[in-house]
Amino acid sequence: MKRRKLDVKQLPAKAAGELDDRFQLASPLRKVLTKVFPDHWSFLLGEIALFSFIVLLLTGTFLALFFDPSMTEVHYEGAYAPLRGIEMSKAYESSLNLSFDVRGGLILRQMHHWAALLFMAAIVVHMGRTFFTGAFRKPRETNWLIGVLLFWLGFAEGFIGYSLPDDALSGTGLRIAGGIAESIPLVGSWVSFALFGGEFPGDSVIPMFYILHVFLLPGLLLALIGVHVGLVFIQKHTQWPGPKRTEHNVIGYRMFPNYVSKQGGFFMLVFAVIALMAGLFQINPIWMFGPYRAEVVSAGSQPDFYVMFLDGIVRLFPAWEIRAFGFTVPAVFWPGIVGMGLFTMLPLMYPFLERRFTKDKAHHNLLQRPRDVPARAGVGAMALAFFIICTLSGANDIIADKFNISLNAMTWGGRIGLLVVPPLAYLMTYRICLGLQQHDREVLAHGVETGIIKRDADGRFYEVHQPLAQPDEHGHTSLEYNGWTVPKKMNRLGALAPTLKGFFKPIEQPAPKPEADGEDGEVGDGEKREEITAGK
Amino acid sequence: MSTEVPAGEGKKDEQAEPLDVLDPNVTRFELVKEALRRDGVEILHYEPRFPVPGTKEEKRVVRTISFFFVLSGLAALGFIVAYIWWPWEYEFGGADTWSKWYTPVLGALLGIALGGIGIGILTWSKKLLPVEELMQERHDGASDPVERRLTGATLVHIGDETGVARRPMLKRALLFGAAPLGLAALMPIGGLIKDPGDALFTTGFNPKFNGGNPVRLMREDGTLIRPEEISVGGQITVFPAIPGGATLKHADSPTLLIHLREPDAEEARNNAYEMNKGSQWENLIAYSKICTHVGCPASLYEQQTNRLLCPCHQSQFHITNNATPIFGPATRALPQLPISVDEEGYLYATSDYKVAIGPAFWERERK
Ligand code: HEM
Ligand code: FES
């Protein structure tokens, strides 16, 4: 019998052929391979969230192998001597074991926590970027809605995860959550009893939170992130305005190899940063807090940063309790339940509110620079100011202590600040946006400041401007203001040659002259590279 | 490269196919360009990063990338070695033990291993892949009106076929059938619902936990308390002297017992609300430790000012005036535990707290 020779080189083509025979892949595959993606650093923020989420799934699965979500009391006998012999729940014991008795457990615990913090931080910044650039406008409202839900799901997932180790800080957080739940009119005590399976703390909340934390919420997050990223793919990413870029095209590079290699490399970097932080910076050292006891709390116990705004507003809200007909609406109901409801509903409604006010029903694929929509930038600054003051107030006791300010002054400062600073932030942002626009228009009309000072025959000094296009007889250029980035420095125009590379001697010949399609060739074409001539 | 924007799908068919794709003589790059053209992608700019292969610069870039990959591999090997052989078992107080460095070493090596791959790939992507700028049509927005019309008609037709609109009885019957079914599906969650009963109104000091007898006060370690054991100006946390009284089973019971100085005790007695009259025993006064805001232990006692501070949201309570809140978000005074001394000389609670302790809730005043 004659053996057929195996031609290794032909294998990939043969395999591809076999697959296509069955799944008819050629055309859809090519469309994915050559899909064009626009590029900008601010488009990476969502990716940071995505990558930290993947790290969360990986590290979380490891932790689940060793964690025991049980509130059964045991005597601790592990490696951490100061706690030996102390009564604690199995959940806390197994978290301690993960830190001291499982090889490599501590670094994975710390990676999980740092990844969670990075995830939430990236979501917040990513949300800011989609807001300030108007990326949420038609047709992308759905992704904005999903994004807001992702923030709150992440918030819940993070809070629940923080509760699982059942240390003193977890318990304090739970106690506060229980107190807020009890404040709901009519059903508060029932909600709290459902949460804890009886009176706080009961013995069922950790097992219940565990299944939420490792199954239900991650499943929801994963599904929503899938839809979110899927929609970005289907609807195609927005792009910044610039030469040749219109509402009807995408300018960038192909998915393969450029986009995917950049994403892959970037993922590894995010992963690396999380690993480094987890190795070098301690986070949530649960062994220092001890098990939860109802009568102990240490001053300066803080939740994770993304919960601090809630803690802060709960601190600031005045003691306004309503009592009528023998019923009570506790003060904490307003910031804790109504406030959080508003923090959810207002962002959800924002795209539709903006549409109502601007009557802008058009389809948008080009982003806006914040300065070009001062009112929206102002609203965003206002929301940000509110969020920051609440968050800082969540640490007002620590700030008071560190800077020797009276605590009561901090609280009053926060209360007044919450009313005064956001409107100020609105006004200032509005002015700044107008100022930036003004400056752009100036540069478009007169050109870039060159830093070259000339003295004319009468002895007057003036600075030479490099016009961005051929000036008319008055030295003015008539470039339209169109939302593109306006170059403001000479090296943005390619007037200064890039520095040479190489340590001892140049390793390449000085670049000839940067050509017209260089990275920053956003404005003008031929004219801009001309010798600097006197302008006004 | 043609600068003309390629036509939309419709027009494409009319154009003569410029390239015979199956012709064995076309180059691969021509095929790639044809593929892009057919997918609505126009090349604005495309050039290899190194038009002349093998320059010094190119070799340098290749060396750099290789360096990062090799670095990554070494760090990963280091990680494996450290994971297995670095002493990891925790020793308490071991200031200069090797095991103290286990986690930082793992983190640094893993970071370098991942970062090396990351930087390598990114450099590859930025420095070796061709420089390109392409333009793709979006084709977004609504579907073609013809498609919309056809699909719309199909949908309405399907609706008609079911006849729901024509047969209102079916509609109502279906609604009647489905709504309860949906509710029924929710029922199992009902297992979570527990009637709070009077649990929020009682603490471990309630005689019902002690066979109907008044409950004594105890320390966390279970020892009973005589009044003279607490020095003037001192304070301790006390618990109901019942089984599990100091555990989380009675998380609502921790109480702060304070021995006031004579003038303060007098002041407190004079200020006492009707409800709190006679609750002090001589100069000893006991308040619930569970903050009336949202339930943290209000545990920072400031002797000079007789204030009790809750560290969670900084509510402050005035000890010599019924523990009324004087600053912060708490609205209600800390409930006072009525105490006395029994014939054996031990402190006990003459009754449970007279109002619900801890955070407020809707039916709080319904006792
Ligand atoms: C779990 C958290 C999240 C993940 C993993 C995630 C991931 C992503 C990714 C990878 C993109 C594409 C790249 C980019 O524009 O940055 C994206 C786009 C987008 N995201 Fe998110 N995101 C998250 C949360 C949010 C939040 C909180 C919001 C806003 C409330 C939001 C709103 C949007 C919008 C509107 C887009 C489309 C942007 C555009 O096409 O310009 N996302 N998201
Ligand atoms: S729980 Fe005491 S002030 Fe909030």
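Everything quoted here is computed from the prediction, not taken from an experiment. Below, chain A is the first sequence line, B the second, and so on; all start at residue 1.
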A/N408 and B/Q316 side chains, donor-acceptor separation under 3.5 Å: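 There is such a pair between these side chains.
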Polar side chain donor-acceptor pair, B/T103 to A/Q110, under 3.5 angstrom: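 Distance-only check fails for B/T103 and A/Q110.
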Greatest number of heavy atom pairs closer than 4.5 Å to chain A - which of B/K289, B/K126, B/E89: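 Ranked by heavy-atom pairs under 4.5 Å with chain A, first place is B/K289.
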Which of B/G120, B/S72, B/G141 touches chain A most, by non-hydrogen pairs under 4.5 Å: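 Result: the option with the highest number of such pairs is B/G141.
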Check for a donor-acceptor pair, side chain of [X] on one end and backbone N or O of [Y] on the other, with a separation under 3.5 Å.
{"X": "A/E295", "Y": "B/P254", "value": "no"}
{"X": "B/Y83", "Y": "A/R103", "value": "yes"}
{"X": "A/R254", "Y": "B/L134", "value": "no"}

Leading residue by heavy atom contact count with chain B [cutoff under 4.5 Å; candidates A/S183, A/G252, A/G104]: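 Highest number of heavy-atom pairs under 4.5 Å: A/G252.
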What part of [X] gets closer than 4.5 Å to chain A, counting heavy atoms only: side chain, backbone, both or neither?
{"X": "B/A330", "answer": "backbone"}
{"X": "B/F327", "answer": "side chain"}
{"X": "B/L36", "answer": "side chain"}
{"X": "B/L106", "answer": "both"}
{"X": "B/E132", "answer": "both"}
{"X": "B/P325", "answer": "neither"}

More than 12 heavy atoms from other groups under 6.0 Å of CH2 on B/W88: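 Enclosed: over 12 neighbouring heavy atoms sit under 6.0 Å from CH2 of B/W88.
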Over 12 non-hydrogen atoms of neighbours within 6.0 angstrom of NZ in B/K194: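 Count over threshold, so yes.
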Over all atoms of both residues, closest heavy-atom pair of [X] and [Y]:
{"X": "B/L114", "Y": "A/A275", "answer": "CD1-CB, 4.2 Å"}
{"X": "A/T328", "Y": "B/A360", "answer": "CG2-CB, 4.1 Å"}
{"X": "A/V297", "Y": "B/P311", "answer": "CG1-CG, 3.1 Å"}
{"X": "B/L200", "Y": "A/S189", "answer": "CD1-CB, 3.5 Å"}
{"X": "B/F361", "Y": "A/P330", "answer": "N-CG, 4.1 Å"}

Aromatic ring pairing A/F327/B/W362, orientation class (parallel under 30°, perpendicular over 60°, tilted between):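 Judged by the thresholds at 30° and 60°, the geometry between A/F327 and B/W362 is parallel.
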Qualifying residue for side-chain contact (heavy atoms from CB on, under 4.5 Å) with A/M268, from B/I117, B/L122, B/I119: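 Only match with A/M268 under side-chain contact (heavy atoms from CB on, under 4.5 Å): B/I117.
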For a 4.5 angstrom cut-off between non-hydrogen side-chain atoms, does [X] reach [Y]?
{"X": "A/I176", "Y": "B/C296", "result": "yes"}
{"X": "B/P359", "Y": "A/V332", "result": "no"}
{"X": "B/L44", "Y": "A/K244", "result": "yes"}
{"X": "A/V314", "Y": "B/H293", "result": "yes"}
{"X": "A/R323", "Y": "B/R332", "result": "yes"}
{"X": "B/F92", "Y": "A/P82", "result": "yes"}
{"X": "B/R138", "Y": "A/V250", "result": "yes"}
{"X": "A/K262", "Y": "B/I121", "result": "no"}

Steps toward side-chain contact (heavy atoms from CB on, under 4.5 Å) verdict (B/D195, A/W190): CA-CA 7 Å; B/D195 184 351; A/W190 293 76; 3.6 Å; yes
Presence of salt bridge, B/E220 and A/R293, under 4.0 angstrom: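 Looking at A/R293 and B/E220, the cut-off is met.
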Ion pair check, B/D39 and A/R30, cut-off under 4.0 Å: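 The answer is yes: the pair qualifies as a salt bridge.
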Full working for side-chain contact (heavy atoms from CB on, under 4.5 Å) between A/R175 and B/V294: CA-CA 7 Å; A/R175 175 68 265 207; B/V294 280; over 6 Å; no
Full working for side chain to side chain donor-acceptor pair (under 3.5 Å) between B/D140 and A/H248: CA-CA 8 Å; B/D140 62 348; A/H248 307 289; 5.2 Å; no
Derivation and outcome, side chain to side chain donor-acceptor pair (under 3.5 Å), residues A/N249 and B/E42: CA-CA 10 Å; A/N249 68 16; B/E42 185 194 335; over 6 Å; no
